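Scroll down for the structure; my scribbles are underneath it.
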There are 2 protein chains.
Amino acid sequence: MPQTHPPDCPGCAAPDLAFAAHDHAHCAADALARAEAVTAANNSRLTPVRRRVLEILLEDHRALGAYDVLARLAADGFGNQPPVAYRALEFLVEQGLAHRIQRLNAFTACAHPGEAHAPAFLICRACHSVAEAEAAPAREALDREAGRLGFAIERTTLEALGLCPSCKAAA
Amino acid sequence: MPQTHPPDCPGCAAPDLAFAAHDHAHCAADALARAEAVTAANNSRLTPVRRRVLEILLEDHRALGAYDVLARLAADGFGNQPPVAYRALEFLVEQGLAHRIQRLNAFTACAHPGEAHAPAFLICRACHSVAEAEAAPAREALDREAGRLGFAIERTTLEALGLCPSCKAAA
DNA sequence: CTTGACCTGTTATGATATTACATACATAGA
DNA sequence: TCTATGTATGTAATATCATAACAGGTCAAG
Ligand SMILES: [Zn+2]
Ligand SMILES: [Zn+2]
Ligand SMILES: [Zn+2]
Ligand SMILES: [Zn+2]
């Protein structure tokens, strides 16, 4: 059940960014609680497999391949055939609780579950962490270019590869 | 060899856009001529396989999977193992003569070979045609968002799915 | 208790991509 | 000309990613 926690919660106060230092235990617990709320509101069910997949994705701000997820599931006693993982991942993506990263053929937990958002992804090529950035400005720019060609955009894939702050500092 | 043609060429005068009506034979021939020039300038070689792959990609403004390309190559008497296609495609991408479309796991000929450009791709979900749009404005918007998080973008994948002008009209 | 919707498990297969090694070809010295 | 070298191509084998099709289980509405 979505356990409420104080609005001045220090975990929440930290910028909810993958790259910023933050209380990740809180970050993950909060995302799970939100997931419960989202699925309840949608009349869909966060079953044990689905919940476990989300927990696995929430372990850190990275993207995991379907087969990596599957291996973890199998170790936990769930089915170990690809559809088990793919179906749960598909469900989470539909519910807005996870995102697919095209460049990586992999999936990452949503950093803002429950909030309508069209994310752009920032992927560190060194440490492989993934953060969500606001996509709206880029999307608007694309809409303008597309409009010029008479093209009506419905969905966008915006992904950037580069160096996160710490890896940049290290280099 | 890149055969020159008049600067007032009607093919060139038409907007070089996948969605606009244009003299595609000229479009493809010109791209091929530019490819010769680009590879010559780079001291790289547009060998028969590579050239044939480019011709195949240039047949229309769509994206083709590596195995589709491979089937065509095999039919032409070239090797019929995956690396034959993947290597030629990789070469073309490196030379800026083709682009990879992540969403489709497929490749498309570059519409502006020889010109430095960072394209965004507009993919029609109905007729599967692919056009290149100017990515710079969207890229700048992304750079701003990324900069806010301390992330240094090196490369972007900008792809939009939607309806091209004619498919939109048909619907 | 039966029905129907949905979820999970499994088998089998399809689609995409790479590694490793062998062979052929170009071309630049000797 | 004749090798030496780098580069390109061919092929076998394998790795990785993804879906189709069907069987059985769960659960709540009727
Ligand atoms: Zn976190
Ligand atoms: Zn990093
Ligand atoms: Zn054309
Ligand atoms: Zn179309």
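As the structure is a prediction and not an experimental result, all values here were calculated from the model. To find a chain, count down the sequence lines: A is the first, B the second, and so on, and within it residues start at 1.
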Hey, are Ser44(A) and Gln95(A) close enough side-chain-wise for a donor-acceptor pair under 3.5 Å?
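A pair is found: one side chain offers a donor N or O, the other an acceptor, under 3.5 Å apart.
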For residues 73-80 of chain B, run the donor-acceptor check on the side chains, cut-off 3.5 Å, and write out each pair with its distance to 0.1 Å, sequence neighbours left out.
| unit_1 | atom_1 | unit_2 | atom_2 | d |
| --- | --- | --- | --- | --- |
| Asp76(B) | OD2 | Arg52(B) | NE | 2.5 |
| Asp76(B) | OD2 | Arg52(B) | NH2 | 3.3 |

Can you tell me how far [atom2] of [N] sits from [atom1] of [X], to the nearest Å?
X         : N       : atom1 : atom2 : result
Asn43(A)  : dC7(C)  : CG    : P     : 11 Å
Asp68(B)  : dA15(C) : CG    : P     : 10 Å
Leu89(A)  : dC7(C)  : CG    : P     : 15 Å
Ile101(B) : dT16(C) : CD1   : C1'   : 16 Å
Asn42(B)  : dT7(D)  : CG    : P     : 15 Å
Leu73(A)  : dC7(C)  : CG    : C1'   : 14 Å

_Verdict with reasoning, Glu132(B) to His99(B), per side chain to side chain contact (heavy atoms under 4.5 Å, CB included)_ = CA-CA 10 Å; Glu132(B) 294 185 25; His99(B) 301 290; 3.1 Å; yes
field: Upstream residue (5' side of DNA chain C) when Tyr86(B) and Arg45(B) are each assigned their closest nucleotide
entry: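 In this pair, the answer is Tyr86(B).
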Which pairs, with at least one residue in residues 157-171 of chain B and sequence neighbours excluded, count as a salt bridge (charged side-chain N to carboxylate O under 4.0 Å, His left out)?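 Residue pairs passing salt bridge (charged side-chain N to carboxylate O under 4.0 Å, His left out), neighbours aside: none found.
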Ignoring hydrogens, what is the shortest heavy-atom contact between Arg103(B) and Arg155(A)? Give both atom names and the distance.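 Scanning both residues, the minimum pair turns out to be NH2-NH2, 3.8 Å.
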Mind listing the N/O atom pairs, protein and nucleotides 9-11 of chain D, below 3.5 Å?
| unit_1 | atom_1 | unit_2 | atom_2 | d |
| --- | --- | --- | --- | --- |
| dT9(D) | OP1 | Thr47(B) | OG1 | 2.5 |
| dG10(D) | N7 | Arg87(B) | NH2 | 2.5 |
| dG10(D) | O6 | Arg87(B) | NH1 | 3.1 |
| dG10(D) | O6 | Arg87(B) | NH2 | 3.4 |

Please check this pair: side chain of Arg34(A) against backbone of Gly114(A), looking for a donor-acceptor N/O pair closer than 3.5 Å.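 Between the backbone of Gly114(A) and the side chain of Arg34(A) there is no qualifying donor-acceptor contact (under 3.5 Å).
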Is the aromatic ring centre of Tyr67(A) closer than 5.5 Å to the centre of the six-membered base ring of dT16(D), with the two planes inclined by less than 30°?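 A stacking contact does not exist, since Tyr67(A) is not both close and nearly parallel to the base ring of dT16(D).
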### Message
Closest-nucleotide mapping onto DNA chain D: is Ser44(B) or Asn105(B) further toward the 5' terminus? I mean the 5' end.
### Response
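Nearer the 5' end of the strand: Ser44(B).
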